[in-house]
Amino acid sequence: MEYNFSEIEAKWQTYWKENQIYKTEVDLQKPKYYVLDMFPYPSGAGLHVGHPLGYIASDIYSRYKRLQGFNVLHPMGYDAYGLPAEQYAIQTGQHPAVTTARNIARYREQLDKIGFCYDWGREIRTCDPDYYHWTQWAFIQMFNHYFDTKLQKAIPIENLVNHIEKNGTTELHAHGTEELCFSATEWNAKTEKEQQEILLNYRIAYLADMKVNWCPALGTVLANDEVSEGVSIRGGHPVEQKVMRQWSLRVSAYAQRLLDGLSRIDSTDSLKETQKNWIGRSEGAEMSFKLSDKELSFDVFTTRADTIYGVTFMVLAPESELVKTCTSPEQAAEVQAYLDATKKRTERERIADRRVTGVFTGSYAINPVGGTEIPIWISDYVLAGYGTGAIMAVPAHDSRDYAFAKHFNLPIIPLIEGCDVSEESFDAKEGIMMNSGFLNGLTVKEAIEKAKAYVEEKGIGRIKVNFRLRDAIFSRQRYWGEPFPVYYKDDMPYMLDESKLPLILPEVDKFLPTEKGEPPLGRAKNWQTEDGFPLELCTMPGFAGSSAYYLRYMDPKNDKTLVSKEANEYWRDVDLYIGGTEHATGHLVYSRFWNKFLFDLGLVCEDEPFKKLINQGMIQGRSNFVYRIKDKAPLTPLKGETVPVFVSLNLKDRYETTPIHVDVNIVTNDHLDIEKFRNWNPEYKNAEFILEDGKYICGWAVEKMSKSMFNVVNPDDIVEKYGADTLRLYEMFLGPLEQSKPWDTNGIDGVHRFLKRLWSLFYKDGILVLNNEQPSAEELKILHKTIKKVTFDIENFSFNTSVSAFMICVNELSALKCSKKATLEPLVILLTPFAPHIAEELYHVLGHTGTVCDATFPVCNEDFLVESTVKYPISFNGKVRFTLELPADMNKADVEKAALENENTIKQLNGATIKKVIVVPGKIVNIVV
RNA sequence: GCCCGGAUGGUGGAAUGGUAGACACGAAGGACUUAAAAUCCUUUGGCCUCACGGCUGUGCGGGUUCAAGUCCCGCUUCGGGUACCA
């Protein structure tokens, strides 16, 4: 029997499916292990060969854990709501539900061919009402809770209402959008509407006017992580700032917990660093400055309270509410002109063009330590959204303030001994303070601490921690998303009763905004409650559905609750989470936040949802090029026709050429298939070629895998040609999991040959040659060396080196012509996580009737690995000259003696005096002369 | 600008401070075959040498060490993240 992979793979995939081999249930007798892939957004393009990389890795680990006796949860689903489906719907009129279902079917078909061990019985789709029921439900809970800053957790909003009814805001520890101050009497005197408006200031899901990223091309608002450098990440459309009334999630309340939790996650430093930067904790002081001519003061945030004596001006953000207060009548016109000019510039322009701009307000503030008057300016380098939207400027020690001071000719006072601020500011936090009153003579670090304490003590301000992390804007003016379980009464939002969930996404005639400019849901008929109150027209963003999906997998069919207590207490958290780095700031922050919120409510038992995170690298494309000769008459010109002429790679320097991308699927080992090329594009039908050695050699380059580069490789084609096991092994063999690397189909023959060689240990010329002989010591050593290496490598996610180890093992066993059952059976089980189809086949060939998935992972027996001798490399001054085989148990002194007495040593020394001899037992001998 | 990763043959990559280039791909040569495919064998970092063997070699320049791809310092360069965050 030959290695017929297509037959074998189809057979066992059917067997696994029919026997529900991958069905998972709570089993209190077994330890659990939860392996999760970041679920895909099913795009119309289908999977390319880069997508399964992480899935294969997680599949290997899942199968490995199962073979070790764990009850493994390994589910898969689809992040099915999203912009591309809706954009496509607008263009074609096809309902996104239809195209999404079609794309999912295609994804599933592709995934199934690779032989993953997913429990498809637990599949979820975020656009499924049974699923988004719980997304809507969580939103209601967030609306009904506030964040207590003292307890650092979510608390029912009724508790807050009770508190303010009795005490107003006194002793209220609630994270709010603004710091409000009112008494119980004032509260009780307010109308229902006014009270509701105030509560929005505290709710974890809240509605507020805020500056948002508005993307006109997409017709929607975007979250900060959906925007990069002033354009949308999806589509690259310009984004502008706009004030709109939007739903937001109070993620910022959880900033400290999100930061603290990082230490409990096992992941790379770079990922933690990215999250840390995104959260952006900075410790400093909030200081109050009085206006010189009014009984008013305003706060600034600084991390450098020590530089207070160097403040020579103040700067307000153009959007700051203080602008109005501070602008003097004389300056009003100039200020207005500046604000107008700033408003016109998009964020993109502001980033691209860093010129210094600003305007004087006409007002002065008083320095709380020196009493000097300092001018108040307005400039767009100060952001309204960070800190208080106002800063104290210390040009000597801040580069931005320095640039501003130089431009407007404002004074610069150096505060650190010996610093030179004639050309640039001195930003480093080092040196000895001067010109700073009570801080003089201290180091900067001491001064920062002393100044903070001083500020607090004198009542000038208070110590404060600021975070960069913003609340997540949660409204999207789109159709294809979860409807909010919200209706409006007297313009105030109210939650639907939980019994009305799920609130089903309604049908609309077009997926476009209404004539009035309302979101698409404005087109839905009867989009109101039974009592006639209008429902929310926005839908939720993409990250809504992906924030708690890992919890739903634990109990996907439950219609009473998101996840039952039993299921949650068994599966608890994700032990291993594999996915791309692109989610480091978005999904991973939101889902951690969402989980912490549910944890506060006592609904989940772990505060951090993911124990270990691995980011697989990107699979890049490897493009091929042909070189078209420019303006060159063809070799054999046809009458009245110009024929394109292409020159082979190594001859191209003799001509002027234009490189042209060519489909990698018609190139093998960089040799162009000329016939296929002529058929590939009608333009090249009559193309002529200048060959080298009778071949056309293509150039190549590593680029992003994309249609336009013609370098997309489809996993289906690979499975078709080589089989799923080969694909799985090859994806792992390409290189370290976490590293980005180009896909090059050329190397795939190597792993395919390996599988055939393994097969030939069982079948020689189609005849089963398996025997029951006892394995030799040598064979046992080969086997156990491999068990040890592969086990170690799997534990360390070094799958590329485990594939090498398998190759070495099979090469060595082939050389020994070993077809012994006792040797091959453990090897087959060892290989199961990597190549499950061939392993299942061979396991049955070995005489088993059950599935190899439930076999026991072999354990290395060190006794078989003991060597009786060691080949010592003998080196002179660190250069190895020869090796010397000595007994393994020989002691250090004897090894030294043996090495020195050896004739090769005497020859090498050639009479030189030995200065020193280093012997590392079992390793090496180094003789220093 | 700041932060985090990389840089090793023609290519992908391997190497707890201890014989650099495992394992593959490709290439060259050979066996089998009418032929091709498949399979198998040999060689394959560079330079010198008929050979034995030698010299050199992990982006660059220093250093630590008996010994450095690996550790330290200073650069070059390529990726990724992030940004007027006070």
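Lettering follows sequence order; numbering is per chain, from 1.
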Figure out the [atom1]/[atom2] separation between [X] and [N], and round it to whole Å.
| X | N | atom1 | atom2 | answer |
| --- | --- | --- | --- | --- |
| A:Lys704 | B:G80 | NZ | C1' | 13 Å |
| A:Met807 | B:A22 | CE | P | 14 Å |
| A:Asn811 | B:C25 | CG | P | 10 Å |

Reported CZ-to-CG distance for the pair A:Phe834 and A:Leu729, which is rounded to 0.5 angstrom:
8.0 Å
Taking a pair as Watson-Crick or G-U wobble with both distances under 3.5 Å, which nucleotide is matched to [N]?
| N | value |
| --- | --- |
| B:G29 | B:C41 |
| B:U34 | none |
| B:G5 | B:C78 |

Hey, does A:Lys879 reach any base, or is it just sugar-phosphate, or nothing, if we go heavy atoms under 4.0 Å?
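Sugar-phosphate: the residue A:Lys879, judged by heavy atoms under 4.0 Å, touches backbone atoms but no base.
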Name the nucleic acid region contacted by A:Asn466, choosing base, sugar-phosphate or nothing; use a 4.0 angstrom heavy-atom cut-off, strictly under.
nothing
Would you mind reporting whether [Y] and [X] have side-chain heavy atoms less than 4.5 Å apart?
| X | Y | result |
| --- | --- | --- |
| A:Tyr402 | A:Asp427 | no |
| A:Met732 | A:Leu53 | yes |
| A:His397 | A:Leu415 | yes |
| A:Phe876 | A:Thr905 | yes |
| A:Met314 | A:Phe289 | yes |

Return a table of donor-acceptor pairs under 3.5 angstrom between the side chains of residues 805-814 of chain A and protein atoms on other chains or two or more places apart.
| residue | atom | partner | partner atom | Å |
| --- | --- | --- | --- | --- |
| A:Asn811 | OD1 | A:Arg757 | NH1 | 2.7 |
| A:Asn811 | ND2 | A:Met807 | O | 3.3 |
| A:Glu812 | OE1 | A:Lys785 | NZ | 3.1 |
| A:Glu812 | OE2 | A:Lys785 | NZ | 3.4 |
| A:Ser814 | OG | A:Val810 | O | 2.7 |

Donor-acceptor contacts under 3.5 Å from residues 915-928 of chain A side chains, at least two apart:
| residue | atom | partner | partner atom | Å |
| --- | --- | --- | --- | --- |
| A:Asn926 | OD1 | A:Ser875 | OG | 3.1 |
| A:Asn926 | OD1 | A:Asn877 | N | 3.4 |
| A:Asn926 | OD1 | A:Gly878 | N | 2.9 |

Nucleotide nearest A:Arg400 when distance is taken to its side chain, options B:A86, B:A83, B:U19
B:A86
Holding to salt bridge (charged side-chain N to carboxylate O under 4.0 Å, His left out), I want the full list of residues that pass it with A:Lys464, two or more places apart in sequence or in another chain.
A:Glu286
Assert yes or no for the condition that the ring centre distance of A:Phe408 to A:Trp377 is strictly below 6.0 Å.
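Ring-ring flag for A:Phe408/A:Trp377: true, centres closer than 6.0 Å.
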At under 4.0 Å, does any side-chain N or O of A:Arg470 touch on OP1 or OP2 of B:C85?
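So the side-chain polar atoms of A:Arg470 never come under 4.0 Å of the phosphate oxygens OP1 or OP2 of B:C85.
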Whether each nucleotide of nucleotides 4-16 of chain B has a protein heavy atom under 4.0 Å at its base (B), only at its sugar-phosphate (S) or at neither (-) is summarised, 5' to 3', as S-------BSS-B
Can a cation-pi geometry be assigned to A:Arg468 and A:Trp278, taking NZ or CZ under 6.0 Å from the six-membered ring centre and within 45° of the ring axis?
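A:Arg468 over A:Trp278 ring: yes.
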Taking only nitrogen or oxygen atoms into account, show me every contact under 3.5 Å that the protein makes with nucleotides 35-41 of chain B, one pair per line with its distance.
| residue | atom | partner | partner atom | Å |
| --- | --- | --- | --- | --- |
| B:C40 | OP1 | A:Arg757 | NE | 3.4 |

Collect all protein-nucleotide pairs involving nucleotides 61-69 of chain B in which both atoms are nitrogen or oxygen and the distance is under 3.5 Å.
| residue | atom | partner | partner atom | Å |
| --- | --- | --- | --- | --- |
| B:C66 | OP1 | A:Lys916 | NZ | 3.4 |
| B:C66 | O2' | A:Asn926 | ND2 | 3.0 |
| B:C66 | O2 | A:Asn926 | ND2 | 2.7 |

